[in-house]
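Keep in mind that the numbers below use all heavy atoms, side chains included, and drop hydrogens, waters and symmetry copies.
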Amino acid sequence: MRWPGSQALRHFSTGQVYFKNKLKLALIGQSLFGKEVYSHLQKEGHRVVGVFTVPDKDGKADPLALAAEKDGTPVFKFPRWRVKGKTIKEVAEAYHSVGAELNVLPFCTQFIPMDVIDSPKHGSIIYHPSLLPRHRGASAINWTLISGDKQAGFSVFWADDGLDTGPILLQRACDVKPNDTVDALYNRFLFPEGIKAMVEAVQLIADGKAPRVPQPEEGVTYEGIQRKENAKISWDQPAEVLHNWIRGHDKVPGAWAEINGQMVTFYGSSLLTSSVPAGEPLDIRGSEKPGLVTKNGLVLFGNDGKALVVRNLQFEDGKMIPASQYFSSGETSVVELTAEEMKVAETIKVIWARILSNVPVIEDSTDFFKSGASSMDVVRLVEEIRQKCGGLQLQNEDVYMATKFEDFIQKVVRNLRGEDEEVELVVDYVSKKVNEMTVNMPYQCFINGQFVDAEDGETYDTVNPTDGSTICRVSYASLADVDKAVAAAKDAFENGEWGRMNARERGRLMYRLADLMEENQEELATIEALDSGAVYTLALKTHIGMSVQTFRYFAGWCDKIQGSTIPINQARPNHNLTFTKKEPLGACAIIIPWNYPLMMLAWKSAACLAAGNTLVLKPAQVTPLTALKFAELTVRAGFPKGVINIVPGSGGIAGQRLSQHPDIRKLGFTGSTSVGKQIMSSCAVSNLKKVSLELGGKSPLIIFNDCELDKAVRMGMGAVFFNKGENCIAAGRLFVEESIHDEFVTRVVEEIKKMKIGDPLDRSTDHGPQNHKAHLEKLLQYCETGVKEGATLVYGGRRVQRSGFFMEPTVFTDVEDHMYLAKEESFGPIMVISKFPNGDIDGVLRRANNTEYGLASGVFTRDINKAMYVSDKLEAGTVFINTYNKTDVAAPFGGVKQSGFGKDLGEEALNEYLKTKTVTLEY
């Protein structure tokens with residue numbers, strides 16, 4: 001019977017009260033899927049009056065049986081329901097005794113007689129993992145992939161006397177990704193969404209709203225169960241067909257071929273979209289062209305000349321190896337366990353014993369799968385080890401590759417010791433003893449997880465601006481190097497571990513990287529001081545400190561990137577659901593400037609990585625060293641190869657190639673407006689890649705006579721002289737109200753005279769060298785132009801007489817609006833002051849906005865109404881009120897007008913590296 005709608009059923013996990021119709025159910029089936037459907041139906045208030053499942057196997061009860069027995073639900077375990085076409089009497093009596101109103105078959109391998117199917121008031125519903133009428137029969141998920149279907153899904157249908165031919169109650173569909181396997185498709189969609197759909201279907205029946213849509217005759221397919229003997233690969237086919245065959249059999253039953261006289265099964269197939277890497281030929285019976293054992297796996301070729309790559313191979317004895325190691329000679333030597341490792345081994349033995357409860361004693365020779373373990377037990381094993389063994393992170397494939405207990409322990413120990421890493425990172429450092437430490441600086445290109453020389457062997461000098469000496473010679477990336485880096489990033493995104501990694505794991509890697517940056521902050525700050533001239537104390541706090549904060553901030557965003565559901569007009573009599581998904585773009589390029597080498601890297605790359613992209617980064621030619629040190633830390637943090645690539649060199653070669661490259665999907669640039677325009681043009685002409693530009697600025701700072709003058713002087717100096725004036729948001733022009741103008745200038749000059757100019761590694765230094773010689777010469781020319789045009793040079797304007805690229809902090813007054821100093825950015829320690837009449841708020845605003853730039857701006861006043869009025873009128877991406885240079889990782893940063901577009905930092909920065917996909921379905 002139906003329970004009355006007025007009867008309240010409490011959902012204890014939420015405390016909410018439901019007044020829905022509920023049914024008495026018989027659950028017929030098995031597996032973890034069956035267990036989850038059972039649990040969710042119970043939570044929704046339906047009453048499961050009986051569970052009918054398979055007998056225990058090797059002493060282990062099915063998960064559905066375990067869950068039901070724990071709840072006290074009657075459980076029946078019949079090996080079969082009928083004999084010679086007739087229902088077994090005892091089975092029928094047991095079934096009828098529970099009085100079910102509906103049979104629910106979430107996953108059932110037994111044949112259920114029609115008198116049982118038709119017995120309940122509401123009949124029976126069955127879950128089938130395909131979009132019926134396509135792929136009726138067993139192995140439906142396999143055949144979805146084997147057939148190359150672009151969509152997969154499942155059906156909940158009313159059971160009839162045919163084979164998967166009953167009327168449809170509901171269906172759900174999803175896109176098939178290029179490298180989906182059976183497990184991937186099942187875990188991503190068919191399992192979680194199938195559980196929800198079964199619960200929804202039961203409720204529709206309970207409410208009398210369940211449809212019965214006859215299956216169409218068009219598009220019917222029926223395929224039998226796939227077994228090992230008919231999973232052999234037929235090679236005379238296109239690469240995509242071979243790929244579909246292999247992934248459609250992964251993990252069960254496994255597509256295979258004959259190699260050197262034995263059956264070898266292939267796992268982990270993906271289409272090869274980049275160039276074929278170098279490798280060693282491997283003859284495969286039946287294939288006209290040999291396979292190629294490469295560092296990425298076994299490359300296989302279709303009859304269309306295209307290729308695919310498989311990651312793992314399994315031999316007849318059950319041993320699985322990475323395909324890249326096929327020709328590795330000899331067996332790995334047995335390692336002796338330490339006392340601590342013995343404790344880990346004992347803990348793992350207990351976990352094995354719990355999972356393999358049918359095995360009396362776990363011995364060295366105990367085989368995990370031959371003892372009855374399933375793929376779900378693999379997940380349980382990996383997760384229990386992580387939980388019980390101090391966070392030890394194994395992969396599911398580690399279990400498949402070491403199925404015997406002794407071999408598995410050896411693999412675990414090698415993992416603990418770091419001996420199972422793919423390739424040890426080799427770094428050829430330039431080392432210097434400086435700042436009371438030894439700094440180790442990589443100097444080569446970083447491509448696909450390895451430090452390598454430029455292909456043509458070219459190098460260039462990177463110079464210490466403190467004394468003009470050469471720090472080291474750095475690889476000068478060629479066009480070929482850029483192409484390799486882009487290919488590595490593209491492959492890592494489309495085929496690598498990064499593309500398959502879940503968002504939370506991505507965040508974990510970014511947190512780990514931030515930790516490593518913090519642990520190495522003194523070395524990073526020292527390298528930054530050597531290479532860019534940044535004052536060490538500022539580098540420690542800002543250049544490095546904010547870089548660490550940026551990675552931590554965006555690490556937290558990784559698993560919080562969401563789309564939305566959108567109500568639309570329904571296509572009556574059907575219903576529609578429309579939602580959006582936020583997806584990564586692919587391989588991205590990042591080109592950064594020389595003023596904050598590591599911080600600019602962090603601002604762009606952290607958002608890029610959090611969104612799930614891969615990247616190729618070109619540091620400024622004159623400051624490559626912290627970017628290359630950062631690359632080393634990414635390997636230590638565990639980032640997969642190809643995710644991050646660094647190509648030092650010139651903007652004209654490496655930067656231009658990145659902007660034109662057809663495989664780059666987004667380019668983020670910080671630099672001059674003129675170069676930004678050129679980049680934007682190249683991005684448009686090449687492939688209309690997405691672009692964000694943070695360009696030049698001439699940021700106005702307005703100081704009213706009602707300000708806190710001491711604060712205005714102090715912060716006004718910071719607005720100009722912070723980081724030697726090499727600051728994109730530096731106040732390029734100060735407007736000081738007439739009544740306080742002279743006093744403001746006097747105080748500024750007094751404070752400048754107190755500043756210590758000198759070695760950036762000296763903790764008492766206030767002002768270090770300009771970044772490089774050409775920039776110093778440009779600044780001196782800027783000052784000469786100002787004097788010639790009639791501006792008053794109050795202080796500075798000269799090179800400091802010492803080695804290195806030092807310039808005196810400089811102050812100009814009487815700067816008129818038509819002058820070069822009033823219009824162009826210096827990007828150096830030059831304060832440009834203009835006077836404005838007392839009370840002329842609108843007039844000074846017109847002057848402040850009379851520029852093609854709009855990056856930042858500021859105002860100092862005690863009058864909050866005036867401050868808000870001015871902030872509304874200023875045409876800039878950022879307005880500072882009674883402060884300056886106060887940026888934060890959570891606050892979006894970017895300009896307007898010719899200062900560019902797009903945002904760094906904050907949630908908005910993520911949108912620069914994401915695309916929105918709209919999905920509409922009908923049901």
Participant: Atom CD of residue position Gln262 - does it have more than 12 heavy atoms of other residues, nucleotides or ligands inside 6.0 Å?
Facilitator: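 Atom CD in Gln262 is packed in, count exceeds 12.
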Participant: Is the backbone of Asp180 close enough, under 3.5 Å, to the side chain of Arg247 for a donor and an acceptor to pair up by distance?
Facilitator: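 At least one qualifying donor-acceptor pair exists.
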Participant: Distance-only, no hydrogens or angles: does the Asp283 side chain make a donor-acceptor pair with backbone N or O of Pro290 under 3.5 Å?
Facilitator: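 No: the side chain of Asp283 does not pair with the backbone of Pro290.
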Participant: Do the side chains of Lys228 and Glu316 get close enough for a salt bridge, i.e. N-O under 4.0 angstrom?
Facilitator: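 So Lys228 does not pair with Glu316 through a salt bridge.
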Participant: Strictly distance-based, threshold 3.5 Å: is any side-chain N or O of Trp245 a donor or acceptor partner for the main-chain N or O of Ala231?
Facilitator: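 Answer holds: yes.
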Participant: Return the set of residues passing ring-ring contact (aromatic ring centres under 6.0 Å, His included) with Phe369 (not counting sequence neighbours), or none when no residue passes.
Facilitator: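 Listed in chain order: Tyr400.
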Participant: Among all residues two or more places apart in sequence or in another chain, which pass the salt bridge (charged side-chain N to carboxylate O under 4.0 Å, His left out) test with Lys306?
Facilitator: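 With neighbours one apart ignored, the set is empty.
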Participant: Using modelled atom types and a 3.5 Å cut-off, is there a donor and acceptor pairing between side-chain atoms of Gln171 and backbone atoms of Leu132?
Facilitator: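 Answer holds: yes.
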Participant: Among residues two or more places apart or on two chains, list those pairs meeting salt bridge (Lys or Arg N to Asp or Glu O under 4.0 Å) that have a residue in residues 126-140.
Facilitator: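 Residue pairs passing salt bridge (Lys or Arg N to Asp or Glu O under 4.0 Å), neighbours aside: Arg134-Asp149.
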Participant: Measure the OG-CG distance between Ser31 and Leu64 for me, rounded to the nearest 0.5 Å.
Facilitator: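 So the OG of Ser31 and the CG of Leu64 are separated by 7.5 Å.
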Participant: Could you go through the side-chain contact (heavy atoms from CB on, under 4.5 Å) check for Tyr222 and Asp164 one step at a time?
Facilitator: CA-CA 9 Å; Tyr222 174 83; Asp164 302 332; 5.6 Å; no
Participant: As an exercise, state the distance from CD1 of Ile146 to NE2 of His249, rounded to the nearest 0.5 Å.
Facilitator: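 Reported value, rounded in 0.5 Å steps: 4.0 Å.
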Participant: Among residues at least two apart in sequence or on other chains, which ones pass ring-ring contact (aromatic ring centres under 6.0 Å, His included) with Phe639?
Facilitator: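 By the ring-ring contact (aromatic ring centres under 6.0 Å, His included) rule, Phe639 matches Trp498.
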Participant: Within the side chain of Asp559, is there an N or O that forms a donor-acceptor pair under 3.5 Å with the backbone of Ala503?
Facilitator: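 It does not hold such a pair.
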Participant: Step by step, would you call Thr165 with Val220 a side-chain contact (heavy atoms from CB on, under 4.5 Å)?
Facilitator: CA-CA 10 Å; Thr165 57; Val220 174; over 6 Å; no
Participant: Near Arg354 CZ, under 6.0 Å, is it more than 12 heavy atoms from other residues, nucleotides or ligands?
Facilitator: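 Yes, because the 6.0 Å sphere around CZ of Arg354 holds more than 12 heavy atoms from other groups.
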Participant: Knowing that exactly one of Val412, Ile348, Leu394 qualifies, which makes a side chain to side chain contact (heavy atoms under 4.5 Å, CB included) with Cys389?
Facilitator: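 Only match with Cys389 under side chain to side chain contact (heavy atoms under 4.5 Å, CB included): Ile348.
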Participant: Among all residues two or more places apart in sequence or in another chain, which pass the ring-ring contact (aromatic ring centres under 6.0 Å, His included) test with Tyr267?
Facilitator: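 For Tyr267 there are no ring-ring contact (aromatic ring centres under 6.0 Å, His included) partners, ignoring immediate neighbours.
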Participant: One thing to verify: whether Glu497 and Arg500 come together as a salt bridge, which I'm taking to mean a side-chain N less than 4.0 angstrom from a carboxylate O.
Facilitator: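 No.
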Participant: Measure the spacing between CG of Asp62 and OG1 of Thr53 and express it to the nearest 0.5 Å.
Facilitator: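 Between Asp62 CG and Thr53 OG1, I get 4.0 Å after rounding to 0.5 Å.
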Participant: Within the side chain of Asn187, is there an N or O that forms a donor-acceptor pair under 3.5 Å with the backbone of Asp183?
Facilitator: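 Indeed, once roles are kept as given, a pair shorter than 3.5 Å links the two residues.
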Participant: Sequence neighbours left out, what passes ring-ring contact (aromatic ring centres under 6.0 Å, His included) with Phe301? Give chain and number order.
Facilitator: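 Here no residue qualifies.
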Participant: Between Phe405 and Trp352, how do the two ring planes meet: parallel, tilted or perpendicular, split at 30° and 60°?
Facilitator: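 Ring orientation of Phe405 relative to Trp352: perpendicular.
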Participant: If the test is ring pair (Phe, Tyr, Trp, His ring centres under 6.0 Å), which one of Phe107, Phe154, Phe191 qualifies with Tyr186?
Facilitator: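 Passing option: Phe191.
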Participant: Answer yes if the side chains of His661 and Asp483 hold a donor-acceptor pair under 3.5 Å, and no otherwise.
Facilitator: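 A pair is found: one side chain offers a donor N or O, the other an acceptor, under 3.5 Å apart.
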Participant: Should Glu583 and Lys581 count as an ion pair when the cut-off is N to O under 4.0 Å?
Facilitator: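 Salt bridge flag = yes for Lys581 with Glu583.
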Participant: Is it true that a side-chain atom of Asp304 and a backbone atom of Ala239 form a donor plus acceptor pair closer than 3.5 Å?
Facilitator: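 Present.
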Participant: Keeping the roles fixed (side chain from Asn687, backbone from Ile664), state whether a donor-acceptor pair exists under 3.5 Å.
Facilitator: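 Yes, the answer is positive, given that a donor and an acceptor are paired below the 3.5 Å cut-off.
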Participant: Does Ser155 use its side chain to pair, donor to acceptor, with the backbone of Ser130 at less than 3.5 Å?
Facilitator: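 Side chain of Ser155 to backbone of Ser130, a donor-acceptor pair under 3.5 Å: yes, one is there.
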Participant: I need the Ile362 CD1 to Glu346 CD distance, nearest 0.5 Å.
Facilitator: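 Rounded to the nearest 0.5 Å, the CD1-CD separation comes out at 11.5 Å.
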Participant: Rounded to the nearest 0.5 Å, what separates atom CG in Leu356 from atom NZ in Lys370?
Facilitator: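 Separation between the atoms: 14.0 Å.
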Participant: Test your reading of the model: is there a side-chain donor-acceptor pair from Asn613 to the backbone of Leu585, 3.5 Å cut-off?
Facilitator: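 Checked: pair present.
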Participant: Has Met263 got more than 12 heavy atoms of other residues, nucleotides or ligands less than 6.0 Å from its CE?
Facilitator: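 Correct, the count exceeds 12.
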Participant: Identify whether the distance between the nearest side-chain nitrogen and carboxylate oxygen of Arg386 and Glu383 falls below 4.0 Å.
Facilitator: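 Counted as a salt bridge, because a side-chain N and a carboxylate O are separated by less than 4.0 Å.
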Participant: Run the side chain to side chain donor-acceptor pair (under 3.5 Å) test on Thr109 and Gln30 for me, step by step, so that the C-alpha distance in whole Å, both residues' side-chain angles and the decisive distance to 0.1 Å come before the verdict.
Facilitator: CA-CA 8 Å; Thr109 58; Gln30 64 209 74; 2.9 Å; yes
Participant: With no hydrogens and no angle check, do the side chains of Ser269 and His243 hold a donor and an acceptor under 3.5 Å apart?
Facilitator: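 The criterion, which ignores hydrogens and geometry beyond distance, is satisfied for His243 and Ser269.
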Participant: Supply the atom-to-atom distance Leu190 CG to Cys174 SG, rounded to the nearest 0.5 angstrom.
Facilitator: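 Nearest 0.5 Å value for the CG-SG distance: 6.0 Å.
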